[in-house]
Amino acid sequence: GNEAASEQCQEEETEDRLKEHMDNLLDKSAKTRQAALQSLRLAFSSKTLSEFLLERRLTLTDSLEKCLKKGKGEEQALAGTVLTLLCLQMGSGLEGEELFCSLKPLLISVLTDSTASPSARQSCATALGMCCYIAAADLE
């Protein structure tokens, strides 16, 4: 009983930290947004969070879109990586496909923008390829 309660408490703490990082994606400070993206990258790559993320995927997708549109260099690169991990978490179902379809034009836009940093373009290329492999229903 005690172990289960401790595990429940840890899970709630993790979710609270994730919510805070997600809120920080909308901060005015680029440093704060980048730190939040790095924290989300670490969380998404170390633990399966699909239940938690399913409920918040639209908010998170919107925030990542803003980071890709308004961010520069490092922020865009991190957003691309987090997007790839989010797509992995969502999987090949409808949610993953919706995520991919909604951000595909933006990924292509950053990828083909000659003024974007090489790391941002590379990250968006990886995100495009991985998300397409995981979630694209259309064979084209």
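Reckoned from all heavy atoms, side chains included, excluding hydrogens, waters and symmetry mates.
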Hey, what do you get for [atom1] ([X]) to [atom2] ([Y]), rounding to the nearest 0.5 Å?
| X | Y | atom1 | atom2 | value |
| --- | --- | --- | --- | --- |
| Lys70 | Glu65 | NZ | CD | 9.5 Å |
| Asn24 | Leu40 | CG | CG | 9.0 Å |
| Thr32 | Leu26 | OG1 | CG | 11.5 Å |
| Lys31 | Glu74 | NZ | CD | 10.5 Å |
| Ser45 | Gln89 | OG | CD | 9.0 Å |
| Met90 | Leu86 | CE | CG | 5.0 Å |

Checklist entry - Does a side-chain heavy-atom distance below 4.5 Å link Leu99 with Cys131? => result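 Result no, sub-4.5 Å side-chain heavy-atom pair not found.
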Item to check | 4.5 Å side-chain heavy-atom contact, Leu25 and His21 | outcome: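 Not touching, per the 4.5 Å side-chain cut-off.
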If I compare all heavy atoms of [X] with all of [Y], which pair ends up nearest, and what's the gap?
| X | Y | value |
| --- | --- | --- |
| Gln76 | Leu68 | NE2-O, 2.8 Å |
| Asp113 | Thr115 | OD1-OG1, 2.5 Å |
| Ser117 | Gly73 | OG-CA, 3.3 Å |
| Gly96 | Cys87 | O-SG, 4.4 Å |
| Arg57 | Thr61 | O-OG1, 2.5 Å |
| Val110 | Ala116 | O-CB, 3.9 Å |

Next on the checklist: Would you say Leu60 ends up clustered with Leu94 if hydrophobic residues are merged whenever their side chains have heavy atoms under 4.5 Å apart, either directly or through other cluster members?
Outcome noted: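 Unlinked, Leu94 and Leu60 end up in two clusters.
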Checklist entry - Quick one: does Ser46's side chain have a donor or acceptor within less than 3.5 Å of a partner on Leu42's backbone? => result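 Looks like yes, one N/O pair under 3.5 Å.
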Item to check | Glu75 (side chain) donor-acceptor with Gln34 (main chain) under 3.5 angstrom | outcome: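 Flag not set: sc Glu75 to bb Gln34 has no pair under 3.5 Å.
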Item to check | Derivation of the side chain to side chain donor-acceptor pair (under 3.5 Å) call for Thr48 and Ser50 | outcome: CA-CA 6 Å; Thr48 302; Ser50 37; over 6 Å; no
Item to check | Geometric cation-pi criterion, Arg41 with Phe44: 6.0 Å, 45° | outcome: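 Here Arg41 fails the 6.0 Å and 45° test against Phe44.
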Item to check | Stepwise side chain to side chain contact (heavy atoms under 4.5 Å, CB included) test for Leu54 and Glu95 | outcome: CA-CA 8 Å; Leu54 268 176; Glu95 292 83 7; 3.3 Å; yes
Next on the checklist: Looking only at side-chain N and O atoms, does Gln10 offer a donor or acceptor that is under 3.5 Å from a partner on Thr14?
Outcome noted: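 The answer is no; no qualifying pair exists.
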Checklist entry - Is the shortest distance from a Lys or Arg side-chain nitrogen in Lys19 or Asp23 to a carboxylate oxygen in the other one below 4.0 Å? => result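 Looking at Lys19 and Asp23, the cut-off is not met.
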Next on the checklist: Evaluate Thr81 against Thr126 for side chain to side chain contact (heavy atoms under 4.5 Å, CB included), listing each step before the verdict.
Outcome noted: CA-CA 8 Å; Thr81 303; Thr126 302; over 6 Å; no
Checklist entry - Can you tell which of Leu128, Leu83, Ile134 makes a side-chain contact (heavy atoms from CB on, under 4.5 Å) with Phe100? => result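 Answer to the side-chain contact (heavy atoms from CB on, under 4.5 Å) test with Phe100 among Leu128, Leu83, Ile134: Leu128.
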Checklist entry - What's the verdict on side chain to side chain contact (heavy atoms under 4.5 Å, CB included) for Leu78 and Ser123, showing C-alpha distance, side-chain angles and the deciding distance? => result CA-CA 7 Å; Leu78 283 165; Ser123 179; over 6 Å; no
Checklist entry - Would one find more than 12 heavy atoms of other residues, nucleotides or ligands at under 6.0 Å from atom CE of Met130? => result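 Count not over threshold, so no.
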